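Below is one structure, written out as structure tokens; comments come after it.
Predicted, not measured: the structure shown is a model, and the values here were computed from it. Each chain gets a letter, A, B and so on, in the order its sequence line appears, and its residues count up from 1.
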Protein chains: 2
Amino acid sequence: MRRMTARPANAHQARLLRLLRDGGPNSRAQLGDQVDLSRSKLAVEVDRLLETGLVVADGLAASRGGRRSHNVRLNPELRFLGVDIGATSVDVAVTNAELEILGHINQPMDVREGPVAVFEQVLSMAAKLRASGLAEGFDGAGIGVPGPVRFPEGVPVAPPIMPGWDGFPVREALSQELGCPVMVDNDVNLMALGEQHAGVARTQHDFLVVKIGTGIGCGIVVGGEVYRGTTGSAGDIGHIQAVPEGRPCACGNRGCLEAHFSGAALARDATEAAQQGQSAELANRLAANGGLSAADVAAAAAAGDATALDLIREGGRSTGQVIAGLVSFFNPGLVVIGGGVTGLGHNLLAAIRTQVYRQSLPLATGNLPIVLGELGPTAGVIGAARLISDHLFSPA
Amino acid sequence: MRRMTARPANAHQARLLRLLRDGGPNSRAQLGDQVDLSRSKLAVEVDRLLETGLVVADGLAASRGGRRSHNVRLNPELRFLGVDIGATSVDVAVTNAELEILGHINQPMDVREGPVAVFEQVLSMAAKLRASGLAEGFDGAGIGVPGPVRFPEGVPVAPPIMPGWDGFPVREALSQELGCPVMVDNDVNLMALGEQHAGVARTQHDFLVVKIGTGIGCGIVVGGEVYRGTTGSAGDIGHIQAVPEGRPCACGNRGCLEAHFSGAALARDATEAAQQGQSAELANRLAANGGLSAADVAAAAAAGDATALDLIREGGRSTGQVIAGLVSFFNPGLVVIGGGVTGLGHNLLAAIRTQVYRQSLPLATGNLPIVLGELGPTAGVIGAARLISDHLFSPA
DNA sequence: GAACTTTCTCCTCTGAGTGGACAAAGAGGG
DNA sequence: CCCTCTTTGTCCACTCAGAGGAGAAAGTTC
């Protein structure tokens with residue numbers, strides 16, 4: 001199949017495409033209710049979209065008491081590629097234009113191997129999805145990387161945990177390989193977009209998404225739009241001081257949040273505790289696996305291990321301490337906790353909530369939900385698809 | 001004079017009014033260069049604005065090598081009232097439509113006396129300005145209060161330092177009294193608007209303004225617009241923890257920034273130091289004035305008093321600690337320090353800078369100016385005038 | 001089968017906006 | 001002083017987006 005290259009010609013068409021993306025097949029009449037255009041003008045724009053092939057007829061809908069309506073929908077052959085590069089694994093997924101996941105692969109990986117090796121892996125994963133018949137090609141791709149990005153150019157800048165990626169033209173390179181438009185963003189921002197599109201943040205305009213994985217980052221959404229900051233490093237909260245004179249951090253300071261609580265820090269602390277004989281449960285797991293991960297701590301806590309629970313509570317306290325400051329400052333309508341450590345579940349959440357509600361003022365916390373993300377590992381790839389579709393479904 | 005009641009009829013007219021506000025008198029040709037409209041359309045809109053009386057002809061400009069242009073300008077008889085209510089004083093100013101201050105009064109006051117008493121004072125100050133011939137009436141007024149505001153309604157909510165104001169219909173009441181449109185906002189947000197309009201932040205889109213006065217607050221500007229948060233309490237950073245297990249705060253917690261550094265905290269610490277004989281300089285001033293203020297500390301530091309300097313440095317360190325976190329999170333392009341304690345000047349600034357540059361990552365601080373506000377006590381009233389003019393100069 | 005609903009199309013009308021022609025007013029050179 | 005060039009401002013004809021109404025098409029309900 002030839003890939004679509006058409007783009008909406010004006011703001012109305014862009015608006016219609018997004019409505020069809022978010023609301024599925026729709027009749028002209030239903031679209032008209034949402035879009036504040038006369039029926040005649042609406043018909044003209046829909047017809048033009050049909051001509052471009054971005055939108056296709058989708059049969060007759062059931063009657064609502066009168067003439068049955070002719071539905072239209074986004075072309076079901078459109079395909080987006082969503083890529084979420086983490087510190088230690090990659091997610092690649094194919095979606096249709098309505099951002100439904102048609103196929104999803106996760107593989108372990110190490111970003112520190114550099115862009116060339118990682119790209120090869122991503123492309124072979126994409127090829128695999130294509131070979132399985134899910135897509136003949138891609139109309140657009142979104143990709144998230146675990147570090148700051150100069151967004152307009154789609155280039156990582158000074159990423160601490162991904163040496164070798166600084167200045168690598170991710171957007172340009174991937175666009176060449178795939179032959180389609182590409183947008184690049186920070187992985188946390190994509191997670192925020194994902195939760196906004198299909199998760200817990202669907203109705204929110206101003207919210208935060210705190211992703212606790214190998215590192216810690218925060219996605220910021222202001223007025224429904226992702227806020228990226230002046231140099232693309234907004235939300236980089238891993239190095240905010242959580243514990244004065246605390247543990248030394250790779251950044252050179254002491255007491256950074258990331259040094260006290262993150263997938264890596266938790267594994268380290270659990271290993272120490274096991275080695276010092278503080279927990280038989282953790283020691284057993286250490287012996288069995290030759291190492292400990294956040295998942296081991298979660299399992300131990302679930303099994304009632306007090307040491308594991310303490311580690312989680314202490315981490316939640318540090319995290320809550322930092323989030324409390326952000327809540328006072330930003331006054332969000334929602335805080336979403338996500339990332340690898342969400343396996344720690346409600347123990348973690350409870351510790352964070354306690355700290356935030358204690359430290360922030362009532363006006364800011366009064367009606368503030370603090371919840372776990374709803375989409376788990378798919379948040380990133382859905383956000384990636386959303387990113388590129390927002391780009392493509394905007395006036396040329 | 002009859003007050004203007006006209007409003008721009010469309011976005012073009014609003015745009016033109018703002019250009020004239022920010023750029024002063026202008027010819028049609030110059031306006032056309034900035035506005036991306038054909039000369040014919042532009043002429044039509046300018047003519048309509050002339051008809052409303054919002055804009056008036058302003059004679060001929062010098063030739064630029066051809067026919068001389070007919071300048072137009074905002075009606076020079078338009079008057080805005082800017083009111084900045086602080087914790088311990090009020091500023092009231094009159095501006096023209098170009099937001100130039102024509103008259104400015106400052107008087108001591110105590111917000112805790114409640115809205116009725118404060119309103120009376122504000123109205124008598126406004127009457128005084130009017131009586132001096134600066135205005136025959138007001139076309140709009142902006143007013144700032146030292147606490148969170150439900151912005152759309154113009155009503156303070158749960159303001160900690162201003163009991164009695166909770167839910168008081170400031171906008172409605174002032175509008176009735178003055179007979180003109182009124183907008184209400186947090187005093188810190190107005191300071192940010194002021195510095196954006198006429199101060200150090202003129203070219204910035206994303207920046208923070210930290211106001212250190214009786215309390216501490218932060219104005220947040222995102223994409224050129226003030227961000228107010230979900231419940232209007234965004235920027236309320238006074239109760240972020242700066243010192244773990246630090247001084248008890250009125251809010252019930254310990255170690256809040258405001259408990260360690262603010263006009264009130266500084267006066268308290270200086271008094272303690274003086275009483276304990278740590279500083280002869282401060283003790284002298286205490287004896288002379290019967291009390292100490294931030295200004296005394298500034299004077300003592302300027303005179304070389306080591307204790308005063310230490311107090312300032314320590315306060316700057318705490319403030320810098322909190323700002324460092326905000327910088328990591330928000331990645332602003334500029335941080336402005338303002339409010340009463342800016343009298344402490346460069347000693348304070350240096351301490352803040354040191355702490356921020358040490359604690360935040362290079363990508364966020366690399367090109368980040370941290371500067372004192374440029375407008376001093378006029379920032380608030382200019383911001384107030386800007387607030388109402390933004391409101392009036394937007395499509396009806 | 002009649003009356004009422006809903007959907008969609010077609011046609012006419014309005015008003016925003018463009019762009020070109022032209023007039024007005026000045027600068028500068030020979 | 002006159003001619004040419006430049007800039008500014010006005011007028012007018014033309015295009016196109018969009019609104020809104022009439023009416024056809026297709027169903028439902030009684």
Side-chain angles (χ1 to χ4, degrees), chain A residues 6-20 23-52 54-74 393-396, chain B residues 6-20 23-52 54-74 393-396:
Chain A
R7 290 279 293 276
N10 57 43
H12 295 313
Q13 292 184 15
R15 179 85 201 284
L16 291 170
L17 290 172
R18 290 181 189 208
L19 284 172
L20 290 171
N26 246 309
S27 67
R28 287 169 179 74
Q30 284 173 307
L31 290 172
D33 292 342
Q34 303 173 67
V35 83
D36 195 40
L37 275 180
S38 66
R39 276 176 305 176
S40 29
K41 179 61 181 164
L42 182 86
V44 169
E45 296 299 349
V46 170
D47 286 346
R48 288 185 189 161
L49 285 173
L50 285 166
E51 277 172 33
T52 66
L54 285 170
V55 163
V56 299
D58 190 44
L60 289 168
S63 166
R64 296 197 301 178
R67 176 176 173 175
R68 294 169 64 191
S69 55
H70 293 256
N71 274 357
V72 292
R73 60 174 299 183
L74 290 175
F393 294 169
S394 61
Chain B
R7 291 279 292 276
N10 57 44
H12 295 313
Q13 292 184 14
R15 180 83 201 285
L16 292 171
L17 290 173
R18 291 181 190 209
L19 284 173
L20 290 172
N26 247 309
S27 68
R28 287 167 179 76
Q30 283 173 309
L31 288 172
D33 292 343
Q34 303 173 68
V35 85
D36 196 38
L37 275 179
S38 65
R39 274 178 305 175
S40 26
K41 178 60 179 165
L42 181 86
V44 169
E45 297 298 351
V46 170
D47 286 346
R48 288 184 189 161
L49 285 173
L50 286 166
E51 276 172 35
T52 66
L54 286 170
V55 163
V56 298
D58 190 44
L60 288 168
S63 166
R64 297 196 303 177
R67 176 176 173 175
R68 292 168 66 190
S69 54
H70 294 255
N71 273 356
V72 292
R73 60 175 299 183
L74 291 174
F393 294 170
S394 62

- Just to confirm, is there a sub-4.0 Å distance from OP1 or OP2 of D:dG27 to any side-chain nitrogen or oxygen of A:R64? no

- Note on the structure: CZ (B:F393) and CG (B:L19) are apart, to the nearest 0.5 Å, by 11.5 Å

- Distance, rounded to the nearest Å, where B:N26 contributes CG and D:dG9 contributes C1': 16 Å

- Task: Select one nucleotide: of D:dG27, C:dA16, C:dC8, the one nearest the side-chain heavy atoms of A:R39.
- Result: C:dC8

- Item | Spacing of A:R68 atom CZ relative to D:dT29 atom C1', expressed in whole Å | 17 Å

- Message: Would you say that more than 12 heavy atoms from the other residues, nucleotides or ligands in this model lie under 6.0 Å from the CG of B:D36, or not?
- Response: no

- Message: Using every non-hydrogen atom in the two residues, find where A:A6 and A:T52 come nearest and quote the distance to one decimal.
- Response: CB-CB, 3.7 Å

- Length of the CG-P vector between B:L42 and C:dT18, whole Å: 10 Å

- Item | Length of the NZ-P vector between B:K41 and D:dC11, whole Å | 16 Å

- Message: So, taking the atom named CZ in A:R7 and the one named CG in A:L17, what distance separates them when rounded to the nearest 0.5 Å?
- Response: 10.0 Å

- Task: Using whole Å, report how far CG of A:N71 lies from C1' of C:dT7.
- Result: 12 Å

- Task: Verify the contact: side-chain N or O of B:S63 to OP1 or OP2 of C:dG26, cut-off strictly under 4.0 Å; return yes or no.
- Result: no

- Query: In whole Å, what is the span from the CG atom of A:L37 to the C1' atom of C:dC8?
  - Reply: 16 Å

- Which listed nucleotide (C:dA24, D:dG18, C:dA16) is nearest to the side chain of A:E45? D:dG18

- Message: I want to check one thing: is the phosphate of C:dT7, taken as OP1 and OP2, less than 4.0 Å away from some side-chain N or O of A:S69?
- Response: no

- Task: Establish, with yes or no, whether the OP1 or OP2 oxygen of D:dG18 is under 4.0 angstrom from a side-chain nitrogen or oxygen of A:H12.
- Result: yes

- B:L60 atom CG is separated from C:dA24 atom P, nearest whole Å, by 16 Å

- Note on the structure: On DNA chain D, more 5' by nearest nucleotide between B:H70 and B:G65 is B:G65

- Task: Answer yes or no: side-chain N or O of A:R67 and base N or O of D:dA25 forming a donor-acceptor pair under 3.5 Å.
- Result: yes

- C:dT18 P sits how many Å from B:D36 CG, rounded? 7 Å

- Query: How long is the gap from CZ on B:R39 to CZ on B:R28, to the nearest 0.5 Å?
  - Reply: 12.5 Å

- Checking C:dT9, D:dA19, D:dT8 against the side chain of A:A43 (C-beta onward), the nearest is C:dT9

- Message: Nearest to the B:S40 side chain among D:dA19, C:dA23, C:dG20, which nucleotide is it?
- Response: C:dG20

- Message: With a 4.0 Å limit, can you tell me whether B:R28 has a side-chain N or O closer than that to the phosphate oxygens OP1/OP2 of D:dT10?
- Response: yes

